[in-house]
Amino acid sequence: MKKRYLCPVCDHELTAKSFCPECRRIRREPVIYEGWLLPNESLHEGMVEETAAERSRPSGQTNPKGNYQSSRTGQASGRAVSPGKQVQAGGRVYDSRYMDACGSGHAHTYGVPNRDPHKKKRAEGSASGKVLRSFVIILVMVILALAFVKPVREMVEDLIFGTEELSDEGSREEEDSESAIVLSEEEVVAAGEPCNGYSHYDMDGSEYVNRLSGYIETLWQSETPDIEWMESNNQVYREGDYSHSYYKKDAKIWLENGVSYTVSCDTATGEVMEVSVGADTEEAFKQAFLLAVCALEPERDRNQVWEEMEIPFSSMEEVGYCMEGWGIHEVYLSGGSYYYGSLACLPENDKYR
């Protein structure tokens, strides 16, 4: 018979007669057991079993029933134990403490003496769980990476090819701006069709400029108008089956007192479409604006026009500008350090409407 030193806390067999590998503690008062097998120990499959009588031979102070006593009390613990079992495998003798009570119906193979195979199974299960968790984490990371592949790729492309894309956008803008068909003055005059992008007064441009020059010389006798016809600007924009045409030829009139006029006429037909007035002082601006209105409506009384003008000018003085319909005109006025105003034909009064 051999003496076996057991942990008084967990009943695990001690190594070096004092250290419990289960509790990881030094046990100075171990439980001493004499016999081959401890309680709950069993044989393993493929191992040779000795008879119970051979393994439970009485010796010394050991109880014939296999009871063990504590070195602390020297008295039997009173706990009944099963007959000891010795197992042999691979030329080595092992002692096994744990019975195969897991319900699996087969014996366990012990690689290490006194190691509970059920704990080993739990450890293996824990390892399997760790592998499964690792797999799930990796799968989630792959899914997230795939989810961010396109945004990241687009971000990188923006960083690398951003300049090229901007240049492409610039090219598209240029293409859009170049989509307008630019016509020469000869082509527009030869076609003889008025543009549809502006409204037209029933007033010839050359006739209007001559009448306005006469009014200027009458009001400011010291002034000689400086008149210049500018190069025409003629564009056509296609929108499906419809075309938007803008034909314009401006006549510029300058005076030495700081007053200036711009008379915009249709290149094709010559009718006045808009008249703008500029001046350095409010008094000169009001007088110049009155002449512009009277030249468009020569049949009207000038004093009456002057009285009617007070309404839009009062609005301009209150807020700094005025934009409203007035008679056949769309009026815009602005004041401050420089005064500017314009008269445009309202769409409902377009000659070609």
Side-chain angles (χ1 to χ4, degrees), residues 183-234 245-281 283-309 312-313 326-333 339-347 349-353:
L183 303 177
S184 66
E185 184 173 340
E186 290 76 13
E187 292 174 327
V188 173
V189 173
E193 294 292 330
C195 66
N196 56 26
Y198 301 108
S199 299
H200 302 71
Y201 288 105
D202 189 8
M203 175 69 64
D204 179 75
S206 297
E207 181 181 348
Y208 176 80
V209 170
N210 292 334
R211 182 180 295 113
L212 180 60
S213 298
Y215 289 170
I216 292 172
E217 292 175 354
T218 301
L219 178 62
W220 296 302
Q221 296 181 1
S222 60
E223 296 288 343
T224 301
D226 183 7
I227 304 172
E228 180 181 0
W229 285 92
M230 313 301 292
E231 184 178 355
S232 65
N233 182 8
N234 312 293
S245 55
Y246 300 88
Y247 307 148
K248 185 170 69 169
K249 186 173 184 179
D250 294 340
K252 299 287 188 179
I253 303 175
W254 290 280
L255 305 179
E256 293 183 359
N257 61 1
V259 174
S260 63
Y261 291 91
T262 299
V263 182
S264 298
C265 306
D266 190 314
T267 306
T269 61
E271 279 92 5
V272 178
M273 300 181 299
E274 183 179 12
V275 179
S276 60
V277 183
D280 295 330
T281 64
E283 181 180 0
F285 175 63
K286 287 183 176 181
Q287 292 175 344
F289 197 84
L290 173 65
L291 297 182
V293 175
C294 293
L296 285 171
E297 299 180 85
E299 71 282 356
R300 294 191 62 186
D301 181 72
R302 187 170 302 183
N303 293 327
Q304 182 182 357
V305 174
W306 180 263
E307 293 178 359
E308 293 179 0
M309 280 177 46
F313 271 90
W326 175 44
I328 63 173
H329 316 284
E330 182 179 4
V331 177
Y332 175 79
L333 302 172
Y339 292 87
Y340 173 84
S342 65
L343 293 163
C345 181
L346 288 171
N349 296 309
D350 186 2
K351 177 181 177 180
Y352 299 99
R353 190 182 166 88

Here the gap from Leu212 atom CG to Cys294 atom SG, rounded to the nearest 0.5 Å, amounts to 10.0 Å
Residue pairs passing the salt bridge (Lys or Arg N to Asp or Glu O under 4.0 Å) test with at least one member in residues 286-309, sequence neighbours excluded, are Glu282-Lys286, Lys286-Glu317, Glu297-Arg300, Arg300-Glu308
Value for NE2 (His200) from SG (Cys265), rounded to nearest 0.5 Å, stands at 9.5 Å
_Whether Tyr247 side chain and Val189 backbone form a donor-acceptor pair below 3.5 Å_ = no
Check your understanding: Are any side-chain N or O atoms of Glu271 and backbone N or O atoms of Lys351, one a donor and one an acceptor, separated by less than 3.5 Å?
Key -> no
Residues Gly205 and Val272: closest non-hydrogen pair is CA-CG2, 3.6 Å
When every non-hydrogen atom of Asp204 is compared with those of Glu207, the smallest separation belongs to OD2-N, 3.1 Å
Rounded to the nearest 0.5 Å, the OH atom of Tyr339 sits from the OG1 atom of Thr281 at a distance of 8.0 Å
Any sub-3.5 Å donor-acceptor pair from Asp226's side-chain atoms to Trp254's backbone N or O?
no
- Ignoring hydrogens and geometry, is there a side-chain-to-backbone donor-acceptor pair from Ser245 to Asn196 under 3.5 Å? yes
Looking only at heavy atoms, the pair that brings Met203 and Leu296 closest together is CE-O, 3.6 Å
In this structure, CG of Leu343 is separated from OG of Ser276 (nearest 0.5 Å) by 9.0 Å
Practice prompt. Please check if the side chain of Thr262 supplies one atom and the backbone of Lys252 the other of a donor-acceptor pair under 3.5 Å.
Written response: no
Q: Kindly say whether Ser206 contributes a backbone atom to a donor-acceptor pair with the side chain of Asn210 at under 3.5 angstrom?
A: yes
* Between the main-chain N or O of Glu256 and the side-chain N or O of Glu223, is there a donor-acceptor pair closer than 3.5 Å? -> yes
Practice item. Indicate the ring-plane relationship of His329 and Tyr201, choosing parallel, tilted or perpendicular according to the 30° and 60° boundaries. Key: tilted
CD (Glu231) and OG (Ser184) are apart, to the nearest 0.5 Å, by 10.0 Å
Handout entry: Flag, side chain of Asp266 to backbone of Cys195, donor-acceptor distance under 3.5 Å
Key = yes
Quick one: are the ring centres of Phe285 and Phe313 less than 6.0 Å apart? yes
When every non-hydrogen atom of Ser213 is compared with those of Ile227, the smallest separation belongs to OG-CD1, 3.2 Å
Tyr215 meets the ring pair (Phe, Tyr, Trp, His ring centres under 6.0 Å) criterion, sequence neighbours left out, with none
Rounded to the nearest 0.5 angstrom, the CD1-CG distance for Ile216 and Leu291 is 6.5 Å
Closest heavy-atom pair, Val275 versus Ala292, reported as atoms and distance to 0.1 Å, is CG1-CB, 4.1 Å
